[in-house]
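Predicted model only: the values in this text are computed from it and were never measured. When reading the values below, keep in mind they use all heavy atoms of this one structure, side chains included, and skip hydrogens, waters and symmetry mates. Numbers for residues simply follow the sequence, beginning at 1. Whatever order the structure lists them in is the order used to number ligands and atoms, beginning at 1.
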Amino acid sequence: MASQNGPEWISWLQKKVAFFLLLSLMLSTIFLLSVWYSSHSFTFTAKETLRKTSLATDHLKQNLRPQKPYDGAASSDLPDGDLSFTIDESCDISIGKWVRESRGPVYSNLTCSFIPEMNNCQKYGKPPGYLYWRWKPDGCDLPWFEPKRFLHLVRGKKLAFVGDSIARNQFESLLCLLSQADTTIQIEGNSTSKYRTMHFQSSNFTLMVMWSEYYVQAVPNTNCDAIGCFDLYLDKVNLNWTSRLPGLDYLVISGGNWYFRKNYLYVNDTLIGCINCNEENLKDFGTVYAIRSALRKALESINSCQSCCGLKTFVRTYSSAHFENGAWFNGGDCNRTVPFNKSEINLYGYQSEVAKIQNEEVERIKGSNVVDNDNRKYFGVLDVTEAMMGRADGHPGGYYNKHRKTANDCLHWCLPGPVDMWNEMLMHNLIKTSSLG
Ligand SMILES: *[C@@H]1O[C@H](CO)[C@@H](O)[C@H](O)[C@H]1NC(C)=O
Ligand SMILES: *[C@@H]1O[C@H](CO)[C@@H](O)[C@H](O)[C@H]1NC(C)=O
Ligand SMILES: *[C@@H]1O[C@H](CO)[C@@H](O)[C@H](O)[C@H]1NC(C)=O
Ligand SMILES: *[C@@H]1O[C@H](CO)[C@@H](O)[C@H](O)[C@H]1NC(C)=O
Ligand SMILES: *[C@@H]1O[C@H](CO)[C@@H](O)[C@H](O)[C@H]1NC(C)=O
Ligand SMILES: *[C@@H]1O[C@H](CO)[C@@H](O)[C@H](O)[C@H]1NC(C)=O
Ligand SMILES: *[C@@H]1O[C@H](CO)[C@@H](O)[C@H](O)[C@H]1NC(C)=O
């Protein structure tokens, strides 16, 4: 089809899909309501669910629970009322615990057409227990993600994610969440391209993802093994993404995982050393040094952007993998079915060290006085690290299409899945900063 990527074809498809979904939603709701009323075992509350210990019976019921119907795709009106809710600004949402939540995800693989095969864990049979947990910060609640509320906050705005495949993971999560309440069309790229832009039509919200594993200039080094390595120019930002900053309202920058491979470091076009190498006469600066240097360069570049008035930047902190009994290509797996609790994770490991550096660099740029009042920028964090350390149960593992790959994926996150929480944190921060203009 010649116009395969054209907006016309996509909106035609979306109309068909929307009609089909509406029909199946109606039919399944009728069916589920009849099941609901005929079964006493369905009249349990969230509180009761928390008391239940048998995951197996929970899942049986949760599988049959109707999806919360969203009518947003069918109507162009966003509600006027019920959009204000308060958040506790003083609450540190990065510290808390995962608690059982009987209300399932906002979307499923039937209501979101943007779930990549590699994240469609339900399609490949992953036991669904990981879907029924909720991040509960100590001392406050994170607002439940309401697509219409989010769209109301970002009406007419532009938001971009920059980073690696895990940044894309959050982008796809947000795409699924918001597509429940507004029609979206692709205006640049596609699911496999490095830059992809979507436009939400009723709310005039533009959502973009930009690929940059290192933020700084990275040139593949041909003298490396099959995994590949790069020459990193720590003092030169990758202009491919910074050139797109003007006009953006929000930026979510993240990264880290690519710094755990061997890379060579350059400053002033001079080789100064490496990370994760073992070479004579070459200083190994270590992963965290490179992460700090590149993030500092990235944040300084954002801060010095002259035509980025009012840009709000959030650093999404490190999201760790959960391989057990091996790694990517030697049989590592992640087959846990419940989250770890706080006493089961190492709060002093490398993950926390990376998160600490990311937080420090945000504090550093906030403390710098480069910004003037006419060009005010905001910097904040989405500190997901401690929360995600607990979610060994939320990765695809072996539950994805492994036609070409043989390894288990214990790095990316299932969609829907715990990564959706990052967008709850994002919404919390949008509310928190909405008065800053
Ligand atoms: C969605 O997930 C179900 C299992 O919950 C699976 O049977 C189905 O094939 C999946 N559909 C799509 C379109 O991914
Ligand atoms: C949509 O938003 C853009 C900014 O992102 C703005 O320039 C444009 O005027 C808006 N369009 C409408 C129809 O409101
Ligand atoms: C995405 O776009 C690129 C370049 O136009 C094309 O080569 C690729 O096949 C497209 N991928 C998909 C999944 O449509
Ligand atoms: C920027 O994008 C171009 C075109 O896709 C690519 O060739 C180049 O390597 C990119 N630059 C960096 C620093 O990644
Ligand atoms: C970078 O190189 C230039 C000359 O190419 C030199 O003048 C400058 O001092 C160097 N800067 C650093 C930090 O080494
Ligand atoms: C998880 O995998 C380990 C080996 O990697 C195995 O011993 C264990 O039985 C598995 N657990 C489940 C619940 O499948
Ligand atoms: C954490 O989990 C472990 C293992 O399941 C358990 O022994 C321990 O009591 C739990 N701790 C808390 C504080 O819940």
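- From the protein, the heavy atom lying nearest to atom 13 (C) of ligand 1 is Asn109 O, 4.1 Å.
- Comparing Lys126, Gln122, Glu117 against atom 4 (C) of ligand 1, the shortest heavy-atom distance belongs to Gln122.
- A donor atom on one side chain and an acceptor atom on the other are not found under 3.5 Å apart for His412 and His395.
- Considering every non-hydrogen atom in both Val209 and Arg168, the closest pair reads CG1-NH2, 3.7 Å.
- Within the 4.0 Å heavy-atom criterion, the part of Glu344 lying near ligand 7 is the side chain and not the backbone.
- The pair Asp141-Lys136 meets the salt-bridge criterion, since a charged nitrogen lies less than 4.0 angstrom from a carboxylate oxygen.
- Using a cut-off of 4.0 Å between Lys/Arg side-chain N and Asp/Glu carboxylate O, Arg292 and Glu361 are scored as salt-bridged.
- Under the 30°/60° scheme for interplanar angles, the aromatic rings of Tyr318 and Phe260 are found to be tilted.
- With respect to atom 6 (C) of ligand 1, the closest heavy atom belonging to the protein is Lys123 CA, 4.0 Å.
- For ligand 7, the atoms sitting less than 4.0 Å from at least one non-hydrogen atom of Ser343 are 1 (C), 11 (N), numbered in the order shown with element in parentheses.
- Distances from atom 2 (O) of ligand 2 to the protein include at least one heavy-atom value under 4.0 Å.
- Close approach to Gly156 involves these atoms of ligand 2, each under 4.0 Å from a residue heavy atom: 2 (O), 4 (C), 5 (O).
- Using a 4.0 Å cut-off between charged side-chain N and carboxylate O, Lys356 and Glu353 make no salt bridge.
- Checked by atom type, the side-chain pair Trp211/Ser193 shows no donor-acceptor distance below 3.5 Å.
- Using a 4.0 Å threshold on non-hydrogen atoms, atom 9 (O) of ligand 7 does not count as touching the protein.
- The nearest protein atom to atom 14 (O) of ligand 1, hydrogens excluded, is given as Asn120 ND2, 2.8 Å; this is a heavy-atom distance.
- What sits closest to atom 11 (N) of ligand 7 on the protein, heavy atoms only, is Asn341 ND2, 2.8 Å.
- When only non-hydrogen protein atoms are considered, atom 12 (C) of ligand 2 lies nearest to Asn204 ND2, 3.2 Å.
- The only member of Tyr130, Trp135, Phe340 that meets ring-ring contact (aromatic ring centres under 6.0 Å, His included) when paired with Trp98 is Trp135.
- Note: no N/O pair closer than 3.5 Å links Lys157 and ligand 2 by distance alone.
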